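The block underneath contains the structure these notes are about, expressed in structure tokens.
Keep in mind the model is a prediction, meaning the values are calculated, not measured.
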Amino acid sequence: MERQWRKEAGLRQLFHPVPLPVVWSDSVLEEIADHAQSIGGAVSCRTDQLEELSAMFRRLPRRRLVVLGPAGSGKSTFAVVLALSLLEGRERDEPVPVLLSAASFDPEHESLHAWLCRRIAADYPALTDGDTYGAGAVEDLMSGHRVLPVVDGLDELPESARPKVLEALNDTFDAHPHARVVLTCRTEAYTAAVAAADVLAGAAVVEPAPVDAVDALELLRRSRPARWNGLAGHVARSPHGPVAQALSSPLMVALARTVYADAPPGPDELERFTSREAFEDHLLDALVPTVHARALRQDPSGPRRWSPECAHRHLAELAAGMQRQGIYDLTWWQLHRWVPTLAYAWSRAAFWTVALIGLTLLGYGVSCVVPGLPAADWGATTWYLLGMAAATPSMCLFAAWYAARRGPGASRLLGAALTAVCGGVAFAVPGVTFAPVHGVPPGLYIVGCGCFVGFAFLLVLHTTGLPVPPVMPSRGTLSTRHWRHRLPRAAAVFAGTTVLTGAALRVYALVVVPPQKTPGGDPSQTPELPWTYGLSMGAVFGAVQALLYWLRGTTSADDLTTPASAVRADRLVTLVGGGVGVLLITLPHDILAVLEASTAPHGAALDVVLPRLAVTFLGVGPAGLVLALAASSWPHYTVARLVLAARGRLPWRLQDFLADAHRLGVLRQVGPVHQFRHARLQQRLAQQVHLPGPRTSPAGSDAPSRR
């Protein structure tokens, strides 16, 4: 955890060359803080004094702190530096600071405790390794108050949600007096939230003093003094001018250092601005072209480089999309919300239905041209396609309704069972017209066919999840870590699945399959079914179940959590889950094929069963594949990414582009989530419909350009 945030602090240049000396002290707004006796003495600290920063927090009686300030005042920097200072000198029994973005919290549909557990598990998945930390480690850490949540960006939530967050925190404090928290927010947003709810119980409230422009320039001059001497002289002559006012913001100091690090023109051109707003807009506009041009200049032959124009266009589209969605966290697993086809439950259900019909027709078409396979019965195929055309959207729509109604804590088994029943009934209804052909009453046909197909759906849904985009992506990797602990459990999964499948096949043959008739017309006993059939089939299913168990239960504590690593992990789980879905949905059909083989003449069983199994996998398997894909994040993300790239709104190699922008300092990263370096940068880019002017003609300047 510490290594992850030290790397992020390095990319954000928080300690380059030293932290900006911002002084933080008690807020002058007395109505937004708790009583003085609940807070202790006066609070004061500096972000460039790490020991003083951590000592200040440890002196607070309840270890609760609210960090306020205007936009660009360094609240997020304060949160990161405070967390790192607490980690560096952490005592054995002291809670571990965990940085979290408030933007993903929805107090209307999720409790504070559940959100904290979910976010910690997603941002720091190593804690979910049961072999290292035990089962339910995150829950135990939260219940034992061993975690200090550092929640950044309360102001990024909708205005109506902010008071509910304060109420949820106060409810937690009432139930657990020793609970601790650090919260950052813009001053005006927090003041309005307190007016609608209440102050945060027992929390000190601090705000920053404006940065002295002389101190800011002294920091900038540490690397290349001569480059900043001219601007320093200008500030000395105009201590209250627009340049000095703009450099009172830590964000503008950081942007100026990045934009004017090396290449011409130098920072002297900043003297020409006649307003603080024009100065700040110029730095925001210049950031993207400058850092990408510098990357091309320093390594022109390097891989995965984007031109300044191309990078600006893609980042502007990205910012505009986030603004339309009303978000500040770029969560890749929710990118499908940007594409109308995948954003709504009804259109998503239609998409997966079309995909299923296409794959099924392709599978049956292949079975018709492969020698040795029986030709497809297109009458039965038509009936099957009609059934799946009804079952797939029914399951997708019901799953979306169930997930929205029950929330992230819904029962997996109950949801799978209800969705499978819905799909089984929907599948059986279009085939009622076939019931008289087989001499079966329509009602009995619906029950029997619905149970048969619903059981196949249940096997897939319980294993892979409901066919709806999940709240969080899957984690997992194929690793040999803790194999001595994991191997016996995987073996138990394999053995249990094998035995249960063999027993289920035996019971199915005895109870469900009607007795065969002899040539004389007398019914005989159900054909004898050797255990080897069921155990062999069970071994296949046991192996894939054990593989999926091993995959989902393994997390490497050595890997840093990044959006790209989260995409790779979810893709791996999706591909394995898709294979498992194909195998599981064909299980009832495979049972019928094996039973049919048991009635074949001696020695001809394999000649009967193998072609039947092949056709089943080609024709029925796509249903399991589609259900597994619809239950995963990576397929929705991939389709959305390709659609947006084809429209020119995003680059084709999106994760590579985002990682490059993060490395260059345009984006920042919180676990598997990307954010713009600052909300103001996102808002500024979203407003731009064309590239900014040349650096030598800064927008908003009243003076002519100099070349």
Taken to the nearest 0.5 Å, the spacing of Leu572 CG from Trp634 CH2 works out to 10.5 Å

Note: Tyr384 and Gly619 closest approach over all heavy atoms is CE2-O, 3.8 Å

> Are the side chains of Val567 and Thr562 in touch, meaning some heavy atoms are under 4.5 Å apart?
Replying inline: no

Residues passing the ring-ring contact (aromatic ring centres under 6.0 Å, His included) test with Phe457, sequence neighbours excluded, are none

Correct closest heavy-atom pair for Gly577 and Ala628 would be O-CB, 3.6 Å

Scanning both residues in full, the closest heavy-atom pair of Ala349 with Pro393 reads CB-CA, 3.8 Å

Task: 4.5 Å side-chain heavy-atom contact, Leu625 and Leu356 - done: no

Close side-chain approach of Val96 and Arg146, heavy atoms under 4.5 Å: no

Sequence neighbours excluded, the answer for ring-ring contact (aromatic ring centres under 6.0 Å, His included) partners of Trp115 is Phe105

Before we go on, tell me: are the rings of His314 and Phe657 under 6.0 Å apart, centre to centre? yes

Could you tell me whether the side chain of Val573 reaches within less than 4.5 Å of the side chain of Ser632, counting heavy atoms only? no

Any heavy-atom pair between the side chains of Gln655 and Tyr637 that's under 4.5 Å? yes

All heavy atoms of Pro635 vs all of Leu629, minimum pair found to be CG-O, 3.4 Å

Next on the checklist: Using only atom types and a distance under 3.5 Å, with no angle test, would you say the side chain of Thr392 pairs donor to acceptor with the backbone of Thr353?
Outcome noted: no

On a heavy-atom basis, the closest approach of Leu461 and Ala420 is CD1-N, 3.7 Å

Between the CG atom in Leu116 and the CD atom in Glu110, the distance rounded to the nearest 0.5 Å is 9.0 Å

The reported gap from CG in Leu642 to CG in Leu650 (rounded to nearest 0.5 angstrom) is 10.5 Å

With side chains defined as the heavy atoms from C-beta onward, is the minimum distance between Met395 and Leu627 less than 4.5 Å? yes

| said: For a 4.5 angstrom cut-off between non-hydrogen side-chain atoms, does Val626 reach Leu359? | reply: yes

side-chain hydrogen bond (donor to acceptor under 3.5 Å, both in side chains) pairs touching residues 325-334, sequence neighbours excluded, are Ser101-Asp329, Tyr328-Gln683, Asp329-Gln675, Thr331-Gln334

| How far apart are the C-alpha atoms of Leu100 and Val670, what are their side-chain angles, what is the distance that settles it, and do they pass the side-chain contact (heavy atoms from CB on, under 4.5 Å) test? | CA-CA 7 Å; Leu100 303 166; Val670 183; over 6 Å; no

Residues at least two apart in sequence or cross-chain that pass ring-ring contact (aromatic ring centres under 6.0 Å, His included) with Trp338, listed by chain then number, are none

Stepwise, does the side-chain contact (heavy atoms from CB on, under 4.5 Å) test hold for Cys396 with Arg348?
CA-CA 8 Å; Cys396 290; Arg348 195 164 54 241; over 6 Å; no

Exercise for review: Please check if the distance between the ring centroids of Trp346 and Phe351 is under 6.0 Å.
Suggested key: no

| request: Could you walk me through whether Thr360 and Met388 pass side-chain contact (heavy atoms from CB on, under 4.5 Å), step by step? | output: CA-CA 10 Å; Thr360 303; Met388 292 308 302; 5.8 Å; no

When rounded to the nearest 0.5 Å, the distance separating NE2 of His462 from CG of Leu413 is 5.5 Å

dist His636:NE2 -> Thr574:OG1 (nearest 0.5 Å) comes out at 10.0 Å

Interatomic distance, CG@Leu330 vs CG@Leu654, rounded to 0.5 Å, equals 7.0 Å

A side-chain contact here means heavy atoms from C-beta on lying under 4.5 Å apart; do Val620 and Ile585 qualify? yes

Heavy-atom closest pair (Leu335 atom, Ala640 atom, distance to 0.1 Å) is O-CB, 3.8 Å

Those residues at least two apart in sequence (or on a different chain) that pass ring-ring contact (aromatic ring centres under 6.0 Å, His included) with Trp401 are Phe398

Exercise for the section: Could you walk me through whether Leu385 and Leu361 pass the side-chain contact (heavy atoms from CB on, under 4.5 Å) test, one step at a time? Expected result: CA-CA 9 Å; Leu385 289 175; Leu361 289 173; 3.4 Å; yes

Taken in chain and number order and not counting sequence neighbours, the residues that satisfy side chain to side chain contact (heavy atoms under 4.5 Å, CB included) with Ser394 are Cys422, Ala426

Are the side chain of Thr419 and the backbone N or O of Ala416 linked by a donor-acceptor pair below 3.5 Å? no

